[in-house]
Amino acid sequence: MIDIKLIREKNEIVKEALRKRGENQEILDEILEIDERRRKLLTQLNQLRAKRNDLSKLVAKLKAQKEEEKSREIIEKSKNVSNEIKILEETLRKLESELKAKLLYIPNIPDGSVPVGEDESKNVEVKKWGKPKEFDFEPKAHWDFADKNWLDFERAAKLSGSRFVILKNKIAKLERALINFMLDLHTKEHGYMEVMLPHLVKRDTITWTGQLPKFEEELYNTQPDDLFLIPTAEVPLVALHANEILNEADLPLKYVAYTPCYRREAGSYGKDIRGMIRQHQFDKIELVKFTKPEESFEELEKLLNDAEEVLKRLKLPYRVVNLCTGDLGFAAAKTYDIEVWLPSYNTYREISSCSNVTDFQARRGNIRYRRKDNKIEFVHTLNGSGLAVGRTLIAILENYQQKDGTVIVPEVLRPYMDGLEVLE
RNA sequence: GGAGAGGUGGCCGAGCGGCCGAAGGCGCUUGCCUGCUAAGCAAGUGUGGGUUUAUACCCACCGUGGGUUCAAAUCCCACCCUCUCCGCCA
């Protein structure tokens with residue numbers, strides 16, 4: 001959520017931000033109009049409430065002085081004021097919920113360093129690491145390994161429908177190895193605290209992080225309790241400190257969590273049908289930070305480095321792009337995507353997304369911190385995949401494959417695979 | 001699922017329907033003091049909103065939403081959450 005004062009006082013900035021994102025700007029005028037009515041009403045209401053308070057005090061005084069008649073007179077007056085207040089309060093409640101509802105649909109303001117553009121073609125490559133391997137044979141796509149009894153798409157479909165996969169044998173173990181490798185790296189070397197989280201969360205929780213109310217069709221909802229399966233560990237991690245006031249000395253807080261992620265992929269019917277690039281359920285290691293506002297962009301660079309390090313250790317070629325305004329997520333002020341090289345696509349594909357959300361989620365979830373001078377302020381939140389495990393598995397299969405159909409196990413994973421060097 | 005207890009400021013904790021935005025303690029900030037640190041002394045210290053150039057003034061908030069009342073942290077109702085005991089269970 002953005003600050004209503006920003007809409008009120010710096011309307012042009014917000015309008016420009018929406019335009020760059022390719023979003024409708026009319027909602028701003030609607031918000032301003034409601035806000036104005038609300039403030040007028042509030043002033044009127046506060047005057048009446050002040051009057052009632054005065055009258056009540058007067059009653060107390062008169063009663064103490066045994067001035068029964070006079071007090072009865074004041075009570076009558078006060079009753080009328082109270083009735084008026086009740087009516088205005090009802091109207092105010094309606095206006096405020098209308099306003100809140102609209103504000104929840106406004107995306108975050110992109111940072112100045114974000115390139116302007118309407119879609120992903122305008123994303124800017126900021127760095128590249130490693131070189132795609134030249135194969136002296138026709139490399140297989142990861143789904144072609146299905147005949148090895150590693151990936152089972154057919155039976156997954158039998159159980160759950162399309163966009164599910166079953167990992168078997170050494171591949172199941174490789175998935176687990178990746179999870180442990182990533183968690184170890186981030187906890188032991190990058191200073192994140194490991195957290196095991198609930199995968200079902202309340203409607204409020206997921207509203208704080210911004211997926212609701214706008215993107216409900218992307219989420220799995222469970223009945224009768226109205227709990228949602230998390231689309232990313234970012235949701236419960238960020239919500240950890242909702243409605244809390246943190247200590248400045250404790251910042252930045254850094255968390256890492258492994259969870260499966262559940263997504264309905266409602267808007268992507270034709271996309272990535274083959275293989276396990278786009279699944280309704282996938283494993284992910286997620287990094288989340290809570291920082292002071294003045295440090296958040298610096299921390300974003302560090303977060304990006306922490307995620308990149310996973311690919312460096314796995315020796316997988318990748319590049320980093322700075323997402324343009326049109327490609328930026330709803331809550332993000334700035335996002336770097338890390339894209340790994342996939343021979344089957346002959347291109348780089350997203351494997352991590354690292355964002356500075358600034359105070360957008362902090363405002364929604366009321367996450368604040370107390371400065372040394374006792375002032376209270378919203379924190380900034382950041383999140384990034386470190387990394388998407390399923391896609392990392394794909395990248396290993398495709399980049400480490402050999403002519404005979406076997407796959408080399410990246411060195412850093414061997415300790416997690418009982419020393420296994422080759423998948424056969 | 002059944003029975004009971006409870007939700008008050010950053011934290012702990014008190015609070016006869018009006019003088020309660022709320023005692024006291026801890027913490028925090030500043031100053032004093034003492035070789036340093038700790039302790040001690042003194043002062044300050046809730047959040048959000050509205051009007052305003054400013055000073056300032058006003059309003060709301062004691063889990064949430066209703067109700068009673070001239071007036072609610074305090075009384076009533078509903079809901080949510082936490083804890084304890086019993087049942088069930090990995």
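Chain A is the first sequence line, chain B the second, and so forth, proteins listed ahead of strands; every chain is numbered from 1. All heavy atoms count here, side chains included; hydrogens, waters and symmetry mates do not.
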Residue pair [X] / [Y], side-chain donor-acceptor N/O under 3.5 Å:
X: A:Thr358; Y: A:Asn356; value: no
X: A:Tyr416; Y: A:Arg414; value: no
X: A:Lys334; Y: A:Ser113; value: yes
X: A:Lys168; Y: A:Asn149; value: yes
X: A:Tyr318; Y: A:Glu339; value: no
X: A:Glu234; Y: A:Gln361; value: yes

Flag the pair A:Tyr369 / A:Ile376 as yes when at least one side-chain heavy-atom distance between them is below 4.5 Å, and no otherwise. no
Quantified in whole Å, what is the [atom1] atom distance between nucleotide [N] and nucleotide [M]?
N: B:rC61; M: B:rG65; atom1: C1'; result: 15 Å
N: B:rG35; M: B:rU45; atom1: P; result: 32 Å
N: B:rC62; M: B:rG66; atom1: P; result: 12 Å
N: B:rG17; M: B:rA72; atom1: C1'; result: 6 Å
N: B:rC88; M: B:rC77; atom1: P; result: 33 Å
N: B:rA56; M: B:rA71; atom1: P; result: 32 Å
N: B:rC76; M: B:rA90; atom1: P; result: 42 Å
N: B:rC20; M: B:rC59; atom1: P; result: 16 Å

To the nearest Å, give me how far apart [atom1] ([X]) and [atom2] ([N]) are.
X: A:Leu55; N: B:rA71; atom1: CG; atom2: C1'; answer: 11 Å
X: A:Glu244; N: B:rC11; atom1: CD; atom2: C1'; answer: 12 Å
X: A:Glu9; N: B:rU51; atom1: CD; atom2: C1'; answer: 14 Å
X: A:Ile85; N: B:rA71; atom1: CD1; atom2: C1'; answer: 11 Å
X: A:Leu251; N: B:rG10; atom1: CG; atom2: P; answer: 16 Å
X: A:Asn243; N: B:rC81; atom1: CG; atom2: C1'; answer: 13 Å
X: A:Asn247; N: B:rU29; atom1: CG; atom2: C1'; answer: 14 Å
X: A:Leu48; N: B:rA71; atom1: CG; atom2: P; answer: 13 Å

Can any side-chain N or O of A:Gln401 pair as donor or acceptor with the backbone N or O of A:Glu398 at less than 3.5 Å?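 Pair found, side chain donor or acceptor close to backbone of A:Glu398.
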Would you please name every residue forming a side chain to side chain contact (heavy atoms under 4.5 Å, CB included) with A:Gln281, sequence neighbours left out? A:Phe164, A:Pro260, A:Tyr262
Applying side chain to side chain contact (heavy atoms under 4.5 Å, CB included), name anything that partners A:Lys86, two or more places apart in sequence or on another chain. none
Report, as a single string ordered 5' to 3', how protein heavy atoms within less than 4.0 Å touch nucleotides 43-50 of chain B: B base, S sugar-phosphate only, - not at all. -B--SSBS
Sequence-aligned protein contact record of nucleotides 72-80 of chain B, with B where the base is within under 4.0 Å of a protein heavy atom and S where only the sugar-phosphate is: ---------
Intra- and inter-strand pairs of RNA chain B in dot-bracket (Watson-Crick or G-U wobble, both distances under 3.5 Å; | for another strand): ((((((((.[[[..)..(.....]]]((((((.......))))))((((((....)))))).[[[[[..)....]]]]])))))))....
Positions of residues 63-76 of chain A (non-hydrogen atom under 4.0 Å from RNA chain B), listed by number: A:Lys63, A:Ile75
Would you indicate what A:Asn53 reaches in the nucleic acid, counting non-hydrogen atoms under 4.0 angstrom: base, sugar-phosphate, or nothing?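 Here A:Asn53 touches the backbone only, sparing every base.
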Could you check whether A:Ser78 gets within reach of a base, just the sugar-phosphate, or nothing at all, counting any heavy atom under 4.0 Å? sugar-phosphate
Please check if the distance between the ring centroids of A:Tyr258 and A:His186 is under 6.0 Å. no
Regarding A:Lys214 and the six-membered ring of A:Phe330, is the cationic atom NZ or CZ under 6.0 Å from the ring centre and inside 45° of its axis?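 A:Lys214 over A:Phe330 ring: no.
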For A:Glu265, run the side chain to side chain donor-acceptor pair (under 3.5 Å) check against A:Arg278, A:Lys271, A:Arg163, A:Gln279 and tell me which one passes. A:Arg278
Mind telling me whether A:His190 and A:Tyr192 have parallel, tilted or perpendicular rings, with 30° and 60° as the class edges?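 Geometry flag for A:His190 against A:Tyr192: perpendicular rings.
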